[in-house]
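Taking it in order: structure first as structure tokens, then the write-up.
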Amino acid sequence: MSDVAAKVKAIIVDKLGVDESEVTNEASFTNDLGADSLDTVELIMEFEKEFDLAIPDDQAEKISTVGEAIAHIEQATK
Amino acid sequence: MEFKRVVITGVGTVNPLGNTVNDFWENLKNGVSGAAPITRFDASKHRTQFACEVKNFDVEEYVERKEARKYDLYTQYAMAAATQAMDDSGLNLDEIDHDRAGVIWGAGIGGLQTFYEETKNYREENPRFSPFFIPKMIANIAGGLISIKYHFRGPNFTTVTACASASHAMIEAFNMIRLGKAKIMITGGSEAAVNQAGVAGFNSMRAISTRNDDPKTASRPFDKDRDGFVIGEGSGAFIFEEYESAKKRGAKIYAEMIGGGMSADAYHMTAPDPEGHGAQLVMKWALEDAGILPENVDYINVHGTSTPLGDIAESKAIQKAFGEHALKISISSTKSMTGHLLGAAGAVEGLACIQAMREGIIPPTINHFTDDPEIDNRLDFTFNVAKERPVNIAVSNTFGFGGHNATLVFKKF
């Protein structure tokens, strides 16, 4: 697992109170991990803080799974 | 229209003297002080360095960890007390009419800790707040979350009248049942202001005691050397139920609520009217609402915060409202032990009234050393030790900044 992936998953485990084993790349924040709309916004803000980047709203809306978040952050921090 | 009778069928609390009603009452009648140096944050540079904190509170007994994270401490205390009260009531959630069950909660400030933390982290160059900032902070969220937990779809709102908040909530909940708008109400109040903003804010107002060398004797209502209140925190909750339905299901009944009064000082932002007109009026309306005479009252749990002005004004108001009978009433300020729970005060003091009636014991006003020449020493403040006395009618006063006054009247069942 990449460094980014490990950090992203740790944030999700912490913020959503889910078990690490549930946080697969395919897992959807809302459908699989029990996040509501506020949780999702909070996750995006935590990613921005952790990786020191800005994720504009139009891009944030496209991030709905763990894998999509990791891919976006890896791309943005290259 | 004939009013319905309203009885109390469940109780719960988290407060500086205990995290259950029984622990609270044991300490209350034994004159235990809940004050101690502040542990919640480093208070060493604050003018006041002590408070009455809740001890050994574990929110996960009541709310899952991942949910609790989204609740300000004032809401966590609310969920704890409400859950205790619901469990205590023995209500069967599968049998009640959820459309006729509601929640009216009181909170004087709301999510002060959340407000403080979030604004502290705010940076001009990246102007963002957490999406949970608003829902965690707002003073009505506790009542909303309680209704979600129990699927209560009846009347639901929150009263915000500073230190009278819980009492106003309880009067409104009482009225909902009395008027036939609801069969069951969860009511009470909660507060969690033992934090940097709460302590420094009240310090600047010169409202709280600075007796840092002896926290346990700092809350000394009606004593000559009182120097302000001691901040407390926590919650108190009640299940109010329409009497006929409570009787039908064979509920355990703690007491009956028979009246409530409300008034305003219309005098000053924070100082009480020195003659206690508003305080006198609220007691008068409460007795009238309950359909009783001053002579019927056995016990008054006073607002008695241990502030120089407030205690004098309230003692004058009691003498005006009750006349000669004032000298025969047992009076006590349980804030001498719990500290001042602000928006939760009326709920926790309501619990004290109910226990006083059930056990025939008046909890004391501790920390009395010297009489204040400005307060009539013929009044019986139950100084220092609890007293045995049958109590048929108990009254609870609370007065809030803004000049909001509320008085509750309970009857032994």
Under 4.5 Å, heavy atom to heavy atom: which of residues 4-18 of chain A reach chain B? Give them by number, or say none.
Val13(A), Asp14(A), Lys15(A), Leu16(A), Gly17(A)
Distance-only donor-acceptor check, side chains Tyr62(B) and Gln84(B), under 3.5 Å:
yes
Sub-4.5 Å heavy-atom contacts with chain B: which residues of residues 39-55 of chain A show up?
Asp39(A), Val41(A), Glu42(A), Met45(A), Glu48(A)
With a 3.5 Å cut-off and no angle check, do the side chains of Glu172(B) and Thr159(B) form a donor-acceptor pair?
no
Heavy atoms from other residues, nucleotides or ligands near CD of Glu125(B) exceed 12 (cutoff 6.0 Å):
yes
Using 0.5 Å steps for rounding, measure from the CD1 atom of Ile134(B) to the CD atom of Glu118(B).
9.5 Å
Nearest heavy-atom neighbours spanning Phe152(B) and Val103(B):
CD2-CG2, 4.3 Å
Parallel, tilted or perpendicular: which one describes the rings of His151(B) and His98(B), with boundaries at 30° and 60°?
tilted
Answer key: most heavy-atom pairs under 4.5 Å with chain A among Arg69(B), Lys70(B), Lys66(B), Arg128(B) is Arg69(B)
At a heavy-atom separation under 4.5 Å, does Phe133(B) approach chain A through its side chain, its backbone, both, or neither?
neither
Between Thr20(B) and Asn22(B), is a side-chain hydrogen bond (donor to acceptor under 3.5 Å, both in side chains) present by the stated rule, with each step listed?
CA-CA 5 Å; Thr20(B) 63; Asn22(B) 285 340; 5.6 Å; no
Are Ile146(B) and Met79(B) side-chain neighbours, meaning at least one heavy-atom pair lies under 4.5 Å?
yes
So does Pro56(A) get a backbone contact from the side chain of Gln59(A), meaning a donor-acceptor N/O pair under 3.5 Å?
no
Please verify the inter-ring angle class for Phe202(B) with Phe401(B); under 30° counts as parallel, over 60° as perpendicular, anything in between as tilted.
tilted
